[in-house]
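Below is one structure, written out as structure tokens, with a few remarks after it.
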2 protein chains.
Amino acid sequence: MGGDETATSKAPRTERGKRTLRKLLDAAAAEFGERGYHEASISGITQRAGAALGTFYTYFDSKEQVFRALVDDMGHLTRQHIAERVPGNVDRLTAERLGLEAFIEFVREHKDLYRIVMEAQFVAEDAYLNYYKVFAAAYTRNLAQAAEKGEIRPGHEEERAWALIGMSVFLGMRYAVWSSDKPAKEVAAAAAELITFGLSPLARGGGGN
Amino acid sequence: MGGDETATSKAPRTERGKRTLRKLLDAAAAEFGERGYHEASISGITQRAGAALGTFYTYFDSKEQVFRALVDDMGHLTRQHIAERVPGNVDRLTAERLGLEAFIEFVREHKDLYRIVMEAQFVAEDAYLNYYKVFAAAYTRNLAQAAEKGEIRPGHEEERAWALIGMSVFLGMRYAVWSSDKPAKEVAAAAAELITFGLSPLARGGGGN
DNA sequence: CTGTAACTTGAATATTGACTCAGGTTTCGA
DNA sequence: TCGAAACCTGAGTCAATATTCAAGTTACAG
């Protein structure tokens, strides 16, 4: 559970090596993102990176291993990006809105990597599971804390966490991966309103009957 | 948009042929469901079906074609199952709860096929897109109608539709595909409560401040 | 019964692409 | 400057498997 690099005896030892590794990682992200895991080829990756085929195996043990590395990377990047955009001291409902907004923007800027995360479900299921379990656990905790403070109604934290993650993921897929037609702010606002008040006509100053 | 079989000159013409086709479809669902598209092999399918390798190509043009056939099939089955469990005359919020409940149950009974739908995103993106677009369109329409009747607050129907689908999908994944620990009813109830009232502590008779 | 269309069979073909390896080239500390 | 460690190269190996096909077998209309 630490933060090791995926342990290999393959870490680069010189500047040149570091540069090459980085080129390969970027190339792999592009190749996997564009063509999907199985269509992607190692030779495609090395061509993009401007390296020879064999060089790949200087830094990675297998095709699957790079893929996993990219999934883990994406987890860190996502959490980091969201954390940066969501101040620690706002209430939960505001945090939800800002978080979703940040998430959609992030996906838009990293479509390739995001596609990789989604495909991980079928290529490296445990990495995928882990990716979302970490999110779900954090989410569940945040909801429970917010409930204690009276910022939200308590109960069903786990189910809510998964439901909210599902919302984010699908809104991300629809409004970031497939099309960026609507501003992230707008989509996030609509979702936040749903999350906050639900669909009930009685909510808010809601009228009669 | 009709209900054609996936047009082939390959439809069976005798009873024996029909039986074989069915065996192959069932075997394909199992093989793809268990091993995923790329790990699955035609010979695996024909072995499960108790048929010779070449027989497969009597009924299908390619591996991808069976896969697509299964995705389409799943769309029909899902909609049908949900429609059966959700009476036409209940209000929207009740329909949401019953629909989600039916969906989770359905996924539990068809894990294989459901996995196939999810994987379609990477194998047959257009089939996948179509699967969800049909859902989203129907959903958007239902929400708009409910809004007109005053059953829910109006606005943002499309975003809401995708958000709600995302909820269902992730709850299905977590509580049906990955584990069936909690009863579908319970999960559906928790989600329905979220959808209806949101997280706001002010909703319902909800207390002060 | 009989002929033929429908169906079945599984060995053979063809392609693809992950991974290896033996032989260079570059880097960098001493 | 020198040499060993690090790094790079890309042709070749090898296994996997989607798809084809020519030779049977079965169903069934007439």
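Labels below follow one simple rule: chain letters A, B, ... track the order of the sequence lines, proteins then strands, and each chain is numbered from 1.
Looking at the side chain of A:Ser62, the nearest of the listed nucleotides C:dC19, D:dG10, D:dT19 is C:dC19. Checked against D:dC8, D:dT19, D:dA6, the side chain of A:Thr20 finds its nearest nucleotide in D:dC8. If you check D:dC7, D:dT19, C:dT8 against the side chain of B:Ile42, the one that comes closest is D:dT19. Checking C:dC19, C:dC7, C:dG17 against every side-chain atom of B:Arg13, the shortest atom distance belongs to C:dC7. Candidate nucleotides C:dA6, D:dT9, D:dC7 were compared by shortest atom distance to the side chain of B:Arg16, and C:dA6 ranks first. When distances run from any side-chain atom of A:Thr14 to the nucleotides C:dC7, D:dT9, C:dC28, the shortest one goes to C:dC28. The side chain of A:Tyr59 lies closest to D:dC7 when the candidates are D:dC7, C:dA18, C:dT9.
When each of B:Leu53 and B:Glu15 is assigned the nucleotide of DNA chain C bearing its nearest heavy atom, the one mapping closer to the 5' terminus is B:Glu15. The 5' end of DNA chain D is approached more closely, in terms of each residue's nearest nucleotide, by A:Ala51 than by the other of B:Ser41 and A:Ala51.
Computed from coordinates, the B:Glu64 CD to D:dT17 P distance equals 18 Å when rounded to whole Å. The distance from atom CD of A:Gln65 to atom P of C:dA18 is 15 Å, rounded to the nearest whole Å. Rounded to a whole Å, the CG atom of A:Leu24 is 12 Å from the P atom of D:dC7. In this structure, B:Glu39 places its CD atom 13 Å from C1' of C:dA18, rounding to the nearest Å. Rounding to whole angstrom units, NZ of residue B:Lys18 and C1' of C:dT8 are separated by 19 Å. Here the P atom of nucleotide C:dC7 and the CG atom of B:Leu21 are 10 Å apart, to the nearest Å. Rounded to an integer number of Å, the gap from B:His38 NE2 to C:dT16 P is 15 Å. One interatomic measurement links the two molecules: CD of B:Gln47 to C1' of C:dG10, which rounds to 12 Å at whole-angstrom precision.
Using a 4.0 Å heavy-atom distance criterion, A:Ala49 is classed as making no nucleic acid contact.
A:Tyr37 carries A:Lys63 over the face of its six-membered ring, with the cationic atom under 6.0 Å from the centre and within 45° of the normal.
Ion pair B:Arg174/A:Glu159 not flagged as a salt bridge, since none of the NZ, NE, NH1 or NH2 atoms sits closer than 4.0 Å to an Asp/Glu carboxylate oxygen.
A ring-centre distance under 6.0 Å is not found for A:Tyr128 and A:Phe122.
Under the 4.5 Å side-chain criterion, counting only non-hydrogen atoms from C-beta, A:Glu193 is in contact with B:Arg160.
Contact annotation: B:Thr58 does not reach the phosphate of C:dC7 (side-chain N/O to OP1 or OP2, under 4.0 Å). Of the side-chain N and O atoms in B:Tyr57, none sit less than 4.0 angstrom from OP1 or OP2 of C:dT9.
Residue B:His81 is tested with B:Glu84, B:Arg79, B:Arg85 for a side chain to side chain donor-acceptor pair (under 3.5 Å); the sole match is B:Arg85.
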